[in-house]
Protein chains: 2
Amino acid sequence: MKKNPAITAQTKQNLNQAFWELYCMKRIDKITIKEITMRAGYNRSTFYEYFSDVYDVLEQLEERLIANLQELPVQQLSSQKDPFPLEALVSMFSHHSKYLVVLLGDQGDPAFQGKIKASMKPMIKEILIAQGARDDFELEYTLEYALSAMIGVLRYWFSQEEPPSIEKLVELLTELSDEGIMKKLIGM
Amino acid sequence: MKKNPAITAQTKQNLNQAFWELYCMKRIDKITIKEITMRAGYNRSTFYEYFSDVYDVLEQLEERLIANLQELPVQQLSSQKDPFPLEALVSMFSHHSKYLVVLLGDQGDPAFQGKIKASMKPMIKEILIAQGARDDFELEYTLEYALSAMIGVLRYWFSQEEPPSIEKLVELLTELSDEGIMKKLIGM
DNA sequence: TTATATCATACGACACGTTGTCGGATATTA
DNA sequence: TAATATCCGACAACGTGTCGTATGATATAA
């Protein structure tokens with residue numbers, strides 16, 4: 001007898017959704033398996049048929065998300081004139097903001113930002129080196145600088161009550177990339 | 001009868017140290033009060049005389065650290081020619097790297113980076129506005145950009161096995177601040 | 001100086017909730 | 001009908017937070 005994907009997939013999705021609803025409200029270590037299964041309508045033991053513990057749910061979710069993140073930019077990157085894929089990054093974040101805001105937030109996963117960077121660095125590096133950049137410590141640190149700044153700003157942008165338009169944001173980020181922060185800070 | 005600070009302060013410090021040793025090794029929600037008190041040499045109940053729960057230990061520690069962080073730059077900022085206190089930031093991080101590396105790390109506190117930013121933004125903003133900057137959305141976002149980038153790079157720097165010298169780092173950060181990331185990424 | 005009352009500090013024990021793992025009940029498919 | 005997938009109830013072990021209590025130090029009075 002083979003497994004019935006129609007049933008198990010639905011059950012797993014129900015558990016995933018119940019977990020995410022709770023994860024949006026409180027930190028992961030305050031989430032009990034009992035809460036998840038009650039919300040999803042299952043016995044607590046059923047949880048263990050699909051996940052090893054509460055962290056396992058989050059890890060699997062992060063894996064799927066990282067995989068999704070890597071699909072989008074690849075297309076846009078090739079037909080990109082900018083060396084640093086700024087627009088691709090912004091549109092990627094917008095597309096998955098529902099999850100990113102929480103995972104990068106104050107009650108999120110402190111390791112997740114590192115996972116994003118690790119998954120994007122090789123792609124961006126490849127493009128940059130193909131365009132003539134040297135693969136040295138300066139490239140490494142500049143990439144870390146740029147990704148940290150972008151993620152920080154985008155996270156800030158998504159958490160704002162009345163955020164500026166996406167066009168204004170991209171315009172500002174482009175200026176900062178091209179001219180640095182000092183010109184803006186000194187007062188132009 | 002008054003409290004005996006000599007005794008309680010020592011006990012509290014012992015508990016704090018035991019907690020930190022454990023926090024360096026594993027995520028906070030895997031740390032039990034029993035572990036902390038056993039390591040410090042007390043009964044589990046004694047813990048509750050000083051802290052409400054495990055998170056309370058971390059919160060108090062973060063408060064002390066934030067307070068310390070705010071002392072250092074204030075002196076250096078006044079005698080600073082740069083509008084953005086880059087050197088002050090770097091020296092501040094170096095001075096407290098023991099704690100910052102962990103708190104900003106993969107098993108750290110996802111809210112701590114926000115706490116640092118929140119505590120530094122008013123100081124830096126004050127200086128910048130006094131130097132003629134306009135207090136608008138561009139300043140806000142540029143500050144978020146700069147702080148995210150600096151914290152990201154410094155965290156990366158401290159976690160490296162063979163990091164470049166502090167002089168090289170400051171030189172690179174200065175260039176990135178003055179000229180932006182593009183010049184570096186394109187390949188100069 | 002000595003005896004005693006008082007309080008700070010640390011401890012042991014209790015009830016409760018969560019965890020992970022059994023074996024078993026029910027339903028579905030061959 | 002037989003076999004297996006899916007889900008469930010029960011159990012032991014562990015961590016949590018809160019009692020009441022023992023011990024030792026300090027202040028006050030005799």
Measure the distance from [atom1] on [X] to [atom2] on [N] and round it to the nearest whole Å.
X: Tyr48(B); N: dA13(C); atom1: OH; atom2: P; value: 17 Å
X: Asp56(A); N: dG20(C); atom1: CG; atom2: P; value: 11 Å
X: Glu35(B); N: dC14(D); atom1: CD; atom2: P; value: 13 Å
X: Gln10(A); N: dC7(D); atom1: CD; atom2: P; value: 10 Å
X: Leu15(A); N: dC7(D); atom1: CG; atom2: C1'; value: 11 Å
X: Ile33(A); N: dC8(D); atom1: CD1; atom2: C1'; value: 15 Å
X: Ile28(B); N: dG15(D); atom1: CD1; atom2: C1'; value: 15 Å
X: Phe47(B); N: dT9(C); atom1: CZ; atom2: P; value: 17 Å

Parallel under 30°, tilted from 30 to 60°, perpendicular over 60°: which one fits the rings of Phe19(A) and Tyr23(A)?
->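 Because their plane-to-plane angle is under 30°, the rings of Phe19(A) and Tyr23(A) count as parallel.
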Does the cation-pi check pass for Lys168(B) over Tyr141(A), that is, NZ or CZ under 6.0 Å from the six-membered ring centre and within 45° of its axis?
-> no
Measure from NZ or CZ of Lys121(B) to the centre of the six-membered ring of Tyr156(A) and say whether it is under 6.0 Å with the direction within 45° of the ring axis.
->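 Yes, Lys121(B) sits over the ring of Tyr156(A).
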Any residue meeting side chain to side chain donor-acceptor pair (under 3.5 Å) with Asp178(B), in chain and number order, not counting sequence neighbours | none
Any side-chain N or O of [X] below 4.0 angstrom from OP1/OP2 of [N]?
X: Tyr50(B); N: dA10(C); value: yes
X: Asn43(B); N: dG12(C); value: yes
X: Thr11(A); N: dC7(D); value: yes

Nearest to the side chain of [X] - [options]?
X: Ser45(A); options: dG20(C), dC11(C), dC8(D); answer: dC8(D)
X: Thr46(B); options: dC11(C), dG17(D), dC7(D); answer: dC11(C)
X: Tyr42(A); options: dC8(D), dT19(C), dG17(D); answer: dC8(D)

Glu144(A)/Arg155(B) ion pair, N-O < 4.0 Å | no
First encountered from the 5' end of DNA chain C, between Glu49(A) and Lys34(A) |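 On the 5' side of the pair lies Lys34(A).
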On DNA chain D, check which nucleotide each of Ile31(B) and Arg44(A) is closest to and give me the residue with the more 5' one.
-> Arg44(A)
Determine the contact category for Thr32(B): base if any of its heavy atoms lies under 4.0 Å from a base atom, sugar-phosphate if only primed atoms, P, OP1 or OP2 are that close, otherwise nothing.
-> sugar-phosphate
